[in-house]
Amino acid sequence: MPDLPPNRTETAFTDYKLPLSRGQAIVEANRCLFCADAPCIKACPTRIDIPQFIRKISTDNVKSSARTIFEANILGMSCARVCPVEVLCEGSCVYNLEDTPPIQIGKLQRYATDTAFENGWRFFEAGPESGKSVGLIGGGPASLAAAHELRRHGHRCTIYEKRPALGGLNATGVAPYKMRADKALEEVEWVLGIGGIEVQLNAGVGESISLADLESRHDAVFIGVGLGPDSMMGSPGEKLPGVLGAVDWIEQMKLQYLSLGNVQRCVVIGGGNTAIDAVREARGLGIASVTMIYRGTKASMSGYEHEWRSAQTDGAVAVWQALPIAFEGEGRLQRVRCICLDDHKQAIAGTEFSVEADLALLAIGQSRLGQSLAALAGIELDRGRIITDAGGFTGRKGWYAGGDCTNGGKEVVNAAAEGKAAACSIDQYLAGQTFAGQSLAGQSLGGVSLVGQAATNTNGSDHG
Ligand SMILES: Cc1cc2nc3c(=O)[nH]c(=O)nc-3n(C[C@H](O)[C@H](O)[C@H](O)COP(=O)(O)OP(=O)(O)OC[C@H]3O[C@@H](n4cnc5c(N)ncnc54)[C@H](O)[C@@H]3O)c2cc1C
Ligand code: SF4
């Protein structure tokens, strides 16, 4: 994997949640009631046996605790850092019913998984070679979880990633105060440590490799391409220097040194979690004035309330029920022209106003890549999202999918769960294929490619 520049901008951030020491972890673990019908397990998309891993921490059996976590979720280290635990496991802990702080499940998971990484513990081996091979398109959390599980079943895997590194948005998108890119790449190496996963970087399917090539090389295919580029608004002045997609800007900030120049006023457009992340990151980098502009009310925004509270604590402000209508400035952005909206999101005549800004980040969703697969017989789409059954089967023989490209944009833990579930389905399919002597070759490809087909879709979803 390529080295990241040491001076990249994200290194300005430190962990916003400090890790637990061994003593703190044991004390916290002993608070757990080890509920029989634990609601925290049901709230976890990967169904980690939370009371069991916590009980093992309480008896100082950290190695076995980590095994319990990784058995369910091989991306348990990053999920411990990036999961929105407030609305998942911790939000379901029974202690909430007693108005008592929930068990710090995320921090306990981090304690166990970090200890495993620090000690170089390995838990899994590849299964006996099955003679089958699976091609995985995209190298994000969904494909990584799928590939690891497929190796446990003995299938050879090749991940085709169009970028120069694996990790997907876990490396390029997650807020650096939760996890930096180098940590995400460390986890990639840990996953690949099972052996037998070939990686082809700078290998865009539809660019250097055609779908036909891919089908002829493999017995099954997993699609884990995530979402496409930031959706833009199409408003006047959007091409001015200083106007950028939020996911694009976050990626630059995480992977490179990003000079902020004289930026003192930043406007973030949107009300989802990407918008809130961008707001907190802009404030964290010292931009004095950061304003989030959202077309709906505070109550209707899709971003998590607890994240917005933190953004406010960081000093951000919001303008609710407003729509940017033009980006203005001489040679570069100087102000964003807006109009107020009513409760039906209709513009109210005569309410135009401007917000001074040197930087505007558009966080109104990401386009969806699924459209490019629509011509593949058997693959159905719903507004650019690939439709699958619960096991990730697309409807086309041997083709499976999972992660953001199927769920429309959720969390890393959802991608991990869906990748693993698809791998189990692929394993069953390959077992049947061995029996029936089926093959992928000979299916109609309909002449489609994955290149540059990001359907611009302003309904594209934010993570969460
Ligand atoms: C700004 C931002 C912040 C986020 N923060 C969090 C967070 O704090 N916590 C959390 O749990 N989730 C967060 N998420 C969501 C989370 O990152 C995603 O849900 C998760 O990464 C989805 O995994 P995936 O594998 O489906 O897709 P991705 O992570 O997007 O990976 C897809 C991969 O496929 C590659 N690819 C695409 N097309 C091709 C092709 N044709 N050929 C080859 N490769 C291709 C891409 O380059 C990419 O590497 C965030 C998302 C964003 C945008
Ligand atoms: S719900 Fe809370 S107390 Fe019960 S097992 Fe889960 S973490 Fe422990």
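Whatever order the structure lists them in is the order used to number ligands and atoms, beginning at 1.
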ask   = Which is closest to atom 43 (C) of ligand 1 in terms of heavy atoms, W249, Y177, Y304, Y160?
value = Y160
ask   = Where the side chain of Q366 meets the backbone of G228, is there a donor-acceptor pair that is under 3.5 Å apart?
value = yes
From C83, G224, G168 - option closest to atom 32 (C) of ligand 1 by heavy atom = G224
task = Determine whether the side chain, the backbone, both or neither of A415 has a heavy atom under 4.0 Å from any heavy atom of ligand 1.
result = side chain
ask   = Mind checking whether G204 has a heavy atom under 4.0 Å from ligand 1?
value = yes
inquiry  = Residue-level breakdown please: for K410 versus ligand 1, do any non-hydrogen atoms fall below 4.0 Å on the side chain, on the backbone, on both, or on neither?
reply    = backbone
ask   = Relative to atom 49 (O) of ligand 1, which among E161, K254, R163 owns the nearest non-hydrogen atom?
value = E161
key: Metal site atom 2 (Fe) of ligand 2: N/O/S of C40 inside 2.8 Å   = no
message = Checking contacts here: is it the side chain or the backbone of V412 that comes within 4.0 Å of ligand 1, counting heavy atoms only? Could be both or neither.
response = both
ask   = Atoms of ligand 2 less than 4.0 Å from I103 heavy atoms?
value = 2 (Fe), 7 (S)
inquiry  = Using the rule side chain to side chain contact (heavy atoms under 4.5 Å, CB included), only one of N73, T113, V85 pairs with C79; which is it?
reply    = N73
ask   = Who gets closest to atom 4 (Fe) of ligand 2 by heavy atom: C35, P102, C44?
value = C35
ask   = In Å, rounded to the nearest 0.5 Å, how long is the span from OG of S300 to OH of Y294?
value = 4.0 Å
query = Roughly how far apart are I57 CD1 and Q52 CD, rounded to 0.5 Å?
reply = 11.5 Å
task = Identify, by atom number and element, the atoms of ligand 2 in contact range of I105, meaning under 4.0 Å from any of its heavy atoms.
result = 7 (S)
key: Any donor-acceptor N or O pair under 3.5 Å, side chains S92, K42   = no
Residue of the set R81, K183, K107, R110 for which salt bridge (Lys or Arg N to Asp or Glu O under 4.0 Å) holds with D15 = R110
key: Residue portion contacting ligand 1 (non-hydrogen atoms closer than 4.0 Å) for A203   = backbone
